[in-house]
Amino acid sequence: MSNLDKIFNSIGQRTLFKNKDVLQMDYSPETIPFREKQIEQVALIMAPALIGQKTSNLFVYGKTGTGKTLVIKHIQNEMQKRGAEGSGKPLKLVYINCKFKKVADTEYRLLAELIKKLGGTISATGLPTDQVYNKFLSTLESLDNKIFVIILDEVDQIVKKISDEFLYNLTRINAELPKKLVTIVGISNDVRFLDDMDPRVKSSLSEEEIVFPPYDALQLKDILLKRANEAFKENSVDSGAIAKCAAFAAQEHGDARRALDLLRVAGEIAERAGDKKITTMHIDEANAKIERDKILDIVQTEPNQFQAVLLAIINLEESKDKLKSQKSLIADEGGKIYTGDVSKVYESLCKKTGMEILTQRRVGDIISEFDMLGIISAPVVSKGRYGRTKEIKSLIPAGLTEKVKEIITKSLGI
DNA sequence: AGGTATTCACATGAAACTATTCTCTGAGTTAGG
DNA sequence: TAACTCAGAGAATAGTTTCATGTGAATACCTGT
């Protein structure tokens, strides 16, 4: 029997998973623990729609992984069910996630997506925006549903990319189509974006507001336990592992999504290693792996100029490390990297690869962006007489720098 | 010693420029009447 | 003839550069003891 056969044959018995989907982030469980209150609130606000009355616009706020989307989708399903049963109460709910670029980068695309979800058709390009808008209105009009609930996940993206005027127009649909009732549900993980919005939009969008607090470690543990029971076969998860998983996620502002991710990856790791039980060790490994994957993903998708800057930083760090170990007795002012150094190395790198050279001004901004992404740390420090600059340090785990270098050199063609 | 003034090496902002992407208009095409 | 499609003009946008101004504290320079 070949090696491959062995692997393929054993896959059935060997797996720790009973149902992996349970840990996938788009899975929606029957019950949503610790969110009863929020569900009730949302339901109370939305209920009038079932009997054909206008409901208030709703704004839902909470950090990532606090169950906002889950709760709203849950209610959406329930209402849709009711709407279908209770004859003659035509209700239509539309869910759009504005996070995806393809869906909602421009006003045009967002409207097109809305029309598509409502069952209309529209050509992908070539029409003026106001015509698309009209088409949207006429699509609404042509449907026999009376009540529409438009759910906009991550609305902050819309405001950022399109401006709040669009939202204002949406809230004003009711005035233009007297026979239809349109309610908007906005979901966001950033409350601050409400502040710099046109007050008219602000007040009409957030007629009702619901806040989703982050889960604490205990709650996370409970959620994880429930899901783990469904996802894994019996006795395949160490109880300490669950606790550790919850603790990790609780540090990250109670992000349940991350906790589930962690558990799933840990399961995969354990399975691949042929272990019978998921232990805290696997959770640690999973944590490291997720972090690694995140970094690699960022590095890979970043444009060339950014990659070059990062490579410059890595190279500098390595050469400074060497220097430090050679004359380790000399003062401690050794392995520190500043903006100027990076920009010099970056420049020579550009010359080598024949790339265009960006100004130091821009390089500084790029460094700041890497800082924001958490790949490097670059606080500004003042060195008194010797100026003021960013003190740069790579945050890429030691075992990963080689891999990162490889990716960049390949992509730059060195 | 204690206080003020300099000075460095960029940070940070704003405006101007450019290349790319979007939006829109009108001509051409299609299809149904 | 209405509806649709598409190319290309013009507008909007994102990424950069250029120019200008700002900054924090280690040092240099006083000042009076």
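Checked for salt-bridge contact, A:D284 and A:K244 meet the test: a charged N lies under 4.0 Å from a carboxylate O. A salt bridge links A:E318 to A:K405: at least one charged side-chain nitrogen sits closer than 4.0 Å to a carboxylate oxygen. Salt bridge annotation for A:K226-A:D222: present, with a cationic side-chain nitrogen under 4.0 angstrom from a carboxylate oxygen. Ionic pairing of A:R227 and A:E230 is not present here: no N-O contact between side-chain nitrogen and carboxylate oxygen is shorter than 4.0 angstrom. Between A:D261 and A:R264, at least one side-chain nitrogen of the basic residue sits less than 4.0 Å from a carboxylate oxygen of the acidic one, meeting the salt-bridge criterion.
In this structure, A:T339 reaches the B:dA11 phosphate: one of its side-chain N or O atoms is under 4.0 Å from OP1 or OP2. Of the side-chain N and O atoms in A:T359, one or more sit less than 4.0 angstrom from OP1 or OP2 of C:dT17.
Residue A:I366 is out of contact with every strand shown, counting any heavy-atom pair closer than 4.0 Å. Contact annotation for A:G340: backbone-only contact, meaning every heavy-atom pair under 4.0 Å involves sugar-phosphate atoms and none involves a base.
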Protein N or O to nucleotides 18-20 of chain B N or O, pairs below 3.5 Å:
none

Pairs under 3.5 Å (N/O, protein and nucleotides 2-4 of chain B):
none

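The closest donor-acceptor contact from the side chain of A:E207 to the backbone of A:N57 lies under 3.5 Å.
Nearest-nucleotide positions on DNA chain B place A:T389 closer to the 5' end than the other of A:T389 and A:R361.
Checked by distance alone, A:R362 brings no side-chain donor or acceptor within 3.5 Å of a matching partner on the base of C:dT16.
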